[in-house]
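Notes for the one structure printed next.
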Number of protein chains: 2
Amino acid sequence: MPAAVLSREEVVQRILLVFREHGYEGTSLARLSQATGLGRSSLYHYFPNGKEDMANAAMSLVGEWFVDNVLAALNSEGNPKQRLQAFTSKVSEFYHAGHLSCLTDVFSVGEAGKLFQHHLAKRIGGLVASIGTVLETSGLAKAEARRRAENAVVSIQGALVVSRAMQDNAVFLRVLREMPVTLLQA
Amino acid sequence: MPAAVLSREEVVQRILLVFREHGYEGTSLARLSQATGLGRSSLYHYFPNGKEDMANAAMSLVGEWFVDNVLAALNSEGNPKQRLQAFTSKVSEFYHAGHLSCLTDVFSVGEAGKLFQHHLAKRIGGLVASIGTVLETSGLAKAEARRRAENAVVSIQGALVVSRAMQDNAVFLRVLREMPVTLLQA
DNA sequence: GTCTATACGAAGATAGAC
DNA sequence: GTCTATCTTCGTATAGAC
């Protein structure tokens with residue numbers, strides 16, 4: 001794609017990193033250009049609608065990765081506890097051990113919130129449903145499974161915010177470590 | 001302050017609302033001007049360093065409100081459960097039942113993160129410490145009290161993010177409702 | 001204190017040469 | 001596909017009149 005040195009996916013990966021770090025409105029074309037090594041014109045060549053296109057590409061990429069890794073871990077072989085451990089392991093990877101923000105968080109603010117709200121709600125909802133299914137498998141009643149699944153997503157998002165604000169990922173790591181047991185306890 | 005129609009505090013209140021809704025980089029002087037009814041020149045008259053000054057004023061105001069109301073509830077008369085209930089009640093008020101974002105969240109992203117990181121970390125830390133003190137009063141060991149206090153802050157922040165992304169504050173309300181009991185249970 | 005006017009750069013976006 | 005140049009709008013900031 002860029003003179004055959006970076007694939008489209010690699011370019012979008014870098015774009016994604018910028019959005020996760022600076023949010024939608026804090027991300028400028030200048031920064032995207034620098035991060036990808038592509039000039040403005042090249043960016044518009046690949047993403048005709050500019051910033052919004054790039055944000056959509058980032059959303060899609062991160063969505064695929066999430067399905068293929070995080071959700072796949074939830075649906076993997078093994079008992080509920082093993083699946084939840086595989087899940088939290090992938091979550092930690094997904095957020096670089098708490099050092100990277102969640103796109104769903106930073107895109108839910110301001111202008112981007114309006115652009116992506118539908119996607120964001122669907123993603124949160126899908127994750128809650130997937131965790132809930134695992135918890136039902138473990139024998140929890142549907143309502144309680146859903147309640148705990150919501151709490152899990154809340155804890156992940158909250159731990160990311162707290163870790164970012166504190167500039168210390170210790171809370172994020174602890175919350176993830178304790179999560180499988182907490183979710184399954186009687 | 002603006003021809004004696006709004007006090008400085010009222011002006012900062014409105015500025016604060018804009019920042020909470022749009023984040024730091026998503027907030028423009030045009031929006032601040034509109035929200036306050038003050039022309040650009042007037043804004044610079046009261047806040048010589050422009051946007052950064054206004055953000056600092058918003059941070060200060062929200063910090064005072066937090067100390068005078070939320071932390072005051074934690075330190076109020078009564079047993080731990082009553083104090084935690086007073087606390088969650090103020091928290092709900094503080095975030096307009098989950099409809100308003102936390103400044104600590106939206107200011108921890110991008111450019112603003114660098115500007116305010118010190119303040120943000122101190123605020124989160126202070127809140128954790130205050131909740132922890134109440135939990136110690138209830139008989140919990142220091143380490144466990146701190147662990148639960150961190151979890152409380154994580155849950156609040158996470159519930160705000162999830163509610164914002166879902167455009168539905170049900171999760172926020174439930175998390176707050178369950179919080180006093182969860183924090184104190186054996 | 002507030003207004004009008006304006007400077008100035010940044011940001012998003014496009015055109016056309018190569 | 002990438003570059004240079006350009007355009008427009010927006011955002012921040014200032015000056016000076018009232």
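The sequence lines fix the lettering, A, B, ..., with proteins before strands; numbering per chain opens at 1.
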What is the separation between atom [atom1] on [X] and atom [atom2] on [N], rounded to the nearest whole Å?
X	N	atom1	atom2	answer
A/L32	C/dG12	CG	P	8 Å
A/D53	C/dA13	CG	C1'	12 Å
A/F47	C/dG12	CZ	P	15 Å
A/H45	C/dG12	NE2	P	20 Å

Practice task
Run through B/K142, B/R148, B/R146 and flag the one making a side chain to side chain donor-acceptor pair (under 3.5 Å) with B/E144.
Solution key: B/R148
Completion exercise
Among D/dG1, D/dT14, D/dC3, the one nearest any side-chain atom of A/S41 is D/dC3
Practice task
Report the nucleotide, chosen from D/dT4, C/dT2, D/dT2, that has the shortest atom-to-atom distance to any side-chain atom of B/Y46.
Solution key: C/dT2
Handout entry: Ion pair A/E93/A/K90, N-O distance below 4.0 Å
Key = yes
Test item: [X] and [Y] side chains (from C-beta on) under 4.5 Å apart, heavy atoms:
X	Y	result
A/N151	B/S155	no
B/Y24	B/V106	no
B/W65	B/V70	yes

For residues 95-104 of chain A, dump all side-chain donor-acceptor pairs below 3.5 Å to protein atoms at least two apart in sequence or in another chain.
from	atom 1	to	atom 2	distance (Å)
A/H99	NE2	A/N169	ND2	3.3
A/S101	OG	A/R164	NH1	3.0

Could you write out each protein N or O paired with an N or O of nucleotides 10-13 of chain D at a distance under 3.5 Å?
from	atom 1	to	atom 2	distance (Å)
D/dT12	OP1	B/K51	NZ	2.9
D/dT12	OP2	B/L29	N	2.6
D/dA13	OP2	B/Y44	OH	2.7
D/dA13	O5'	B/Y44	OH	3.1

